[in-house]
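We number each residue from 1, following the sequence as shown.
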Amino acid sequence: KPYWEYLDRKQFLNKNVLITVNSLDSKQGYMEKFRLSNGDNIYYIPDIYDTTVEFEKPQYKENGGRYVFTGGMANRDWKLVMQVAERFPSLSFVCCALEHDFKAKVDEIPINVQVYYSVLPDEYYRLMTGAYLVLMPLIACRVSGLINITRSAQSGVPCLVSRYEFT
């Protein structure tokens, strides 16, 4: 069930409830969905980059260690990633996913794809940083992937992501 289906209008009208969103589109969407005249208790707090990680200059890796990285917890178009991997058999693909999410969307894994489940953050970011490219196809227009986008930028790894207002 999508997260917004757990919410109802009463929560947005209750002045003791503070609702935070990380996209202005989400705030507007809630106001429209629940027919709210104001969003006084909906606070927009954008995702920020990790201040403990230095910004690196972009490094376009030409030789060795050349792979495409895709990762995330939800809203990833794993099926599309597999289709892209099939079209580019000379490239390696590394995917970090939640097992149930990945297996629900993918029937067959191409030979040039490695999939890791339940990877700890340090390993996840090590794999992302070592990539030639971060590929972030999103299924729906639902705020997601922002930490990956900012972290890849900090690491100097180009990121190709679905085009939405929040991305």
Shortest non-hydrogen contact from [X] toward [Y]:
X	Y	answer
S162	L138	OG-N, 2.7 Å
N14	N41	O-ND2, 3.1 Å
N38	K15	OD1-NZ, 3.9 Å
A97	W78	CB-CZ2, 3.4 Å

- prompt: Between Y124 and N148, do the side chains contain an N or O donor and an N or O acceptor separated by less than 3.5 Å?
  reply: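 Indeed, the side chains of Y124 and N148 share at least one donor-acceptor pair under 3.5 Å.
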Is the shortest side-chain heavy-atom distance between [X] and [Y] below 4.5 Å?
X	Y	result
T20	Y44	no
Y117	V115	yes
I42	M31	yes
T129	E56	no
L146	N22	yes
R76	S144	yes
C141	F166	yes
R151	Y125	yes

Quick check for you: to the nearest 0.5 Å, what is the distance between [X] atom [atom1] and [Y] atom [atom2]?
X	Y	atom1	atom2	result
L160	M136	CG	CE	10.0 Å
M82	E86	CE	CD	9.0 Å
Q114	C96	CD	SG	9.5 Å

Determine, using the 4.5 Å side-chain heavy-atom cutoff (strictly less than), whether [X] and [Y] are members of one ILVMFWY cluster.
X	Y	answer
V134	V119	yes
F34	V17	yes
L80	V68	yes
L91	I109	yes

Just by modelled atom types, is the [Y] backbone N or O under 3.5 Å from a matching donor or acceptor in the [X] side chain?
X	Y	result
Q154	V53	yes
N75	R142	yes
N112	F88	yes
Y116	L127	no
R66	S92	no
S23	D25	yes
T150	I147	yes
S26	V21	no
S152	C159	no

field: side-chain contact (heavy atoms from CB on, under 4.5 Å) between C95 and V113, worked out
entry: CA-CA 7 Å; C95 301; V113 176; 4.0 Å; yes
- request: Report the C-alpha distance between V157 and F69 in whole Å, list the side-chain angles of each, state the deciding distance to 0.1 Å, and finish with yes or no for side-chain contact (heavy atoms from CB on, under 4.5 Å).
  value: CA-CA 10 Å; V157 180; F69 176 87; over 6 Å; no
- prompt: Would you call K105 and D101 a salt bridge, using N to O less than 4.0 angstrom?
  reply: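 Salt bridge flag = yes for D101 with K105.
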- request: Report the relative orientation of the aromatic rings in Y30 and F12; use parallel for angles under 30°, tilted for 30 to 60°, perpendicular for over 60°.
  value: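 Plane angle between 30° and 60°, so tilted.
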side-chain contact (heavy atoms from CB on, under 4.5 Å) between L13 and L36, intermediate numbers included: CA-CA 8 Å; L13 297 174; L36 305 171; 3.7 Å; yes
